[in-house]
Amino acid sequence: MYRIFIPLVAITFCAVPVWAQSPEPAADEKLNQSVQRLEEHARQQEEKIKSLDEALQKMAAQNEEQLQRQEDSEAEALAALSDQDKTLRVYGFTDAVAYRFFIPKDSYLSGLADDGGSSFASWHLNLYLERQLNDSFRTLAEVRFLTDPNGEVEELPTPMGGEFKRVDTTVSDSFGSSTFRWGGVLIERAWIEYKLSDYFAMKVGHFLTPYGIWNVEHSPTVTIPARQPYLVYKEDIPGSQTGLSFYGRMFPSDSTRFDYGLTISNGRGPMDTLQDLDDNKAFGLRLQLSYEGQYNLSLGTYLFTGEYTNITKKIESFEPFHVAVERTEWYRESAAAFDLRFEWEGFLIQSEYVLRQIEYLGGRRPAIDHAGTQLEPDHYGQSQYVLLAYRLPIEGIELRPYFLVQWMDKSNFADNDTSWIYTGGLNWKINSFVVAKVELTYIDMPENDTDNWYMVSSQLAASF
Amino acid sequence: MLSRYLLTILLASLALPLIAHADDPRDVMIIVNKSVSQNSLSVGELKQIFLKKKGNWGGGARIVCINAPENTKLRESFRSKVLGMSKDEEAQYWQNERIKGKLSPPPTFRNIVKAIFKLRASVSYVYRKDLPGKAVKVVAVIK
């Protein structure tokens, strides 16, 4: 026990003087400096933390602001969505055309239709203004700008006399010394639509007659050939009417639609967009059945009847004031149109047929000879076209060769007015906005071989 | 005993792809606002709606159809499976419809679920994986 105790006491007494000694001044200074450095470091760290904290707070505020902005813009977009985009839409289509007629010199058409050269032209510049006013009302106006009537032959002299006259619309520019030729503006349609449901809607105003396929599609960006078929531009059924159009759609099955339409209008007349000169409304009935599935098929008809009246007015006396009104033209027209479209795997068959009957009323028959001795009898005419097209199975290029056959018999009382028109061409849809076409058309008049002729047309059309 | 075990494994392995297919996160789910009374829609009906050939629900409310943004896989998937069209064909279709004086294409929206939740009589589509709980109603599944 003592052996352990004695060394412990000795060690304790030896250590006491070491701890009892005061520190040396140099070491104290060193220690102070260390402490100061540490304090400085701590202060810097504190500042850093503070600035980081501030930055974080700033970032959080920015994020919150951004989130709010995003929420606001989303709310705005949602509001726009619920409004179903009721903004005014402006769009349209235009085209550039090059064409040339080849008419035999001994044909009666030579000189009449063919002025000898190839030409460039623009056939269409149509502008649309459309707006969905609310859930039920929509309005649409389509206006076509034309260079007509400038250059049109107003009068062609005959051996019986007359003078060649061409319409010249040249006028001086009020704001300068130059001149320009004014053109025309055609209101293709301008209507207000009220839609109650799929089953019933109505249009009021000037509307395209809902017959056939071509008349409604009518834009070169939609139709496959470059030129309208005779059936459409001859207007056996008026292309547009002014009045009321009721229509609707039913769904017999998920892939079938049944469309109906009823038109009531001024009918045809010299000023039918403004006034009905006979107070006999024209009526039309449209029925169409469509199927969309493995193939697309639609069958339609439009039946139309109306009266055409033209009048002249003359002040016969001033005291008492009297204006005499005389009917100069008066006939009843009835027409039936049928249309078919079949699409399957790139193939397209499209056809329209129109039969039109004219019945003159009140003895107001036009003369069909220069002497005015022969009057036009009641008659009917008919025309038809069949369009065949095939989209070539080439990836990335929408190339469609087509063949259009037209047949027409203008009237059943004349023997030499039957024509066949054959058109072969190529339609290249460059993209969804631009289409290019080139076609060759041959016109065959079986009753008169000298009048057979052909023409070449190319067209670049664009929608915008 | 062994043969029964093997048969069970075989049957289970055959059923696996079906089970996986049934819940594929890439399934396109057709969703409608809860105000829509219709509980199911066929592909034919969807096509009529999204090509705006049909504009009203059975009850008469005007259909508000919303497309996914252009150039998304979802839009592409819907276009090919329901409309049966390519992007160019769809663009062409709407160009033609406008020229014929008919309607313009449905609007597009990024946050589809939110739009369908908020807008009455609306219809759109999302991937199964993006389907929210019970905020909207599913009326069709396009595999």
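Throughout, a chain's letter reflects where its sequence line sits, starting with A, and its residues are numbered from 1.
When heavy atoms are compared at a cutoff of 4.5 Å, A:Ser255 approaches chain B solely by way of its backbone atoms N, CA, C and O. Contact annotation for A:Asn126: neither backbone nor side-chain heavy atoms come within less than 4.5 Å of a heavy atom of chain B. Contacts between A:Glu193 and chain B at a heavy-atom distance below 4.5 Å are absent for every atom of the residue. When heavy atoms are compared at a cutoff of 4.5 Å, A:Glu130 approaches chain B solely by way of its side chain, counted from C-beta outward. Residue contact with chain B, scored on non-hydrogen atoms closer than 4.5 Å, is absent for A:Leu208. For chain B, the nearby part of A:Thr256 is the backbone; its heavy atoms alone come within less than 4.5 Å. For B:Gln95, the part lying under 4.5 angstrom from a heavy atom of chain A is the side chain only. Contacts of B:Lys47 with chain A are made by side-chain atoms alone, with heavy-atom separations under 4.5 Å and no backbone atom involved.
Among the candidates A:Glu217, A:His218, A:Glu398, the residue making the largest number of heavy-atom pairs closer than 4.5 Å to chain B is A:Glu217. With respect to chain B, the highest number of heavy-atom pairs below 4.5 Å among A:Leu140, A:Val216, A:Asn431 belongs to A:Val216. When B:Ile99, B:Leu46, B:Asn96, B:Leu41 are compared by the number of non-hydrogen pairs under 4.5 Å with chain A, B:Ile99 comes out ahead. With chain B as the partner, the residue from A:Thr221, A:Leu196, A:Asp254, A:Val222 showing the most heavy-atom pairs under 4.5 Å is A:Asp254. Most heavy-atom pairs under 4.5 Å with chain B: of the set A:Ser463, A:Gly293, A:Gly92, this distinction falls to A:Ser463.
Of the N and O atoms on the side chains of B:Ser104 and B:Arg98, not one donor lies less than 3.5 Å from an acceptor on the other residue. Neither side chain, A:Thr94 nor A:His124, offers a donor N or O lying under 3.5 Å from an acceptor on the other.
Seen from the ring of A:Tyr247, A:Lys203 counts as a face-on cation partner, given the 6.0 Å and 45° thresholds.
In this structure, B:Tyr93 contributes its side chain and B:Leu51 its backbone to a donor-acceptor pair below 3.5 Å. Between the side chain of B:Arg62 and the backbone N or O of A:Asp135, at least one donor-acceptor pair lies under 3.5 Å. A donor-acceptor pair is defined here as one N or O able to donate and one able to accept, closer than 3.5 Å; such a pair exists between the side chain of B:Ser35 and the backbone of B:Ala121.
Within 6.0 Å of atom OH in A:Tyr390, more than 12 heavy atoms from other residues, nucleotides or ligands are found, so the atom counts as buried in its surroundings.
A:Asp198 has no carboxylate O lying under 4.0 Å from a charged side-chain N of B:Lys54, or vice versa, which leaves the two without a salt bridge.
Close approach to chain A, defined as a heavy atom under 4.5 Å from one of its heavy atoms, is seen in B:Asp88, B:Glu89, B:Ala91 of residues 79-91 of chain B, taken by number.
The aromatic rings of A:Tyr295 and A:Tyr291 are tilted relative to each other, their planes meeting at an angle between 30° and 60°. In this structure, A:Tyr128 and A:Tyr91 have parallel ring planes: the angle between them is below the 30° cut-off, well short of the 60° mark.
Looking at residues two or more places apart in sequence or on another chain, you find no side chain to side chain donor-acceptor pair (under 3.5 Å) involving A:Lys429.
When the options B:Val139, B:Val36, B:Ile66, B:Ile112 are evaluated for a side-chain contact (heavy atoms from CB on, under 4.5 Å) with B:Ile31, the one that passes is B:Ile112.
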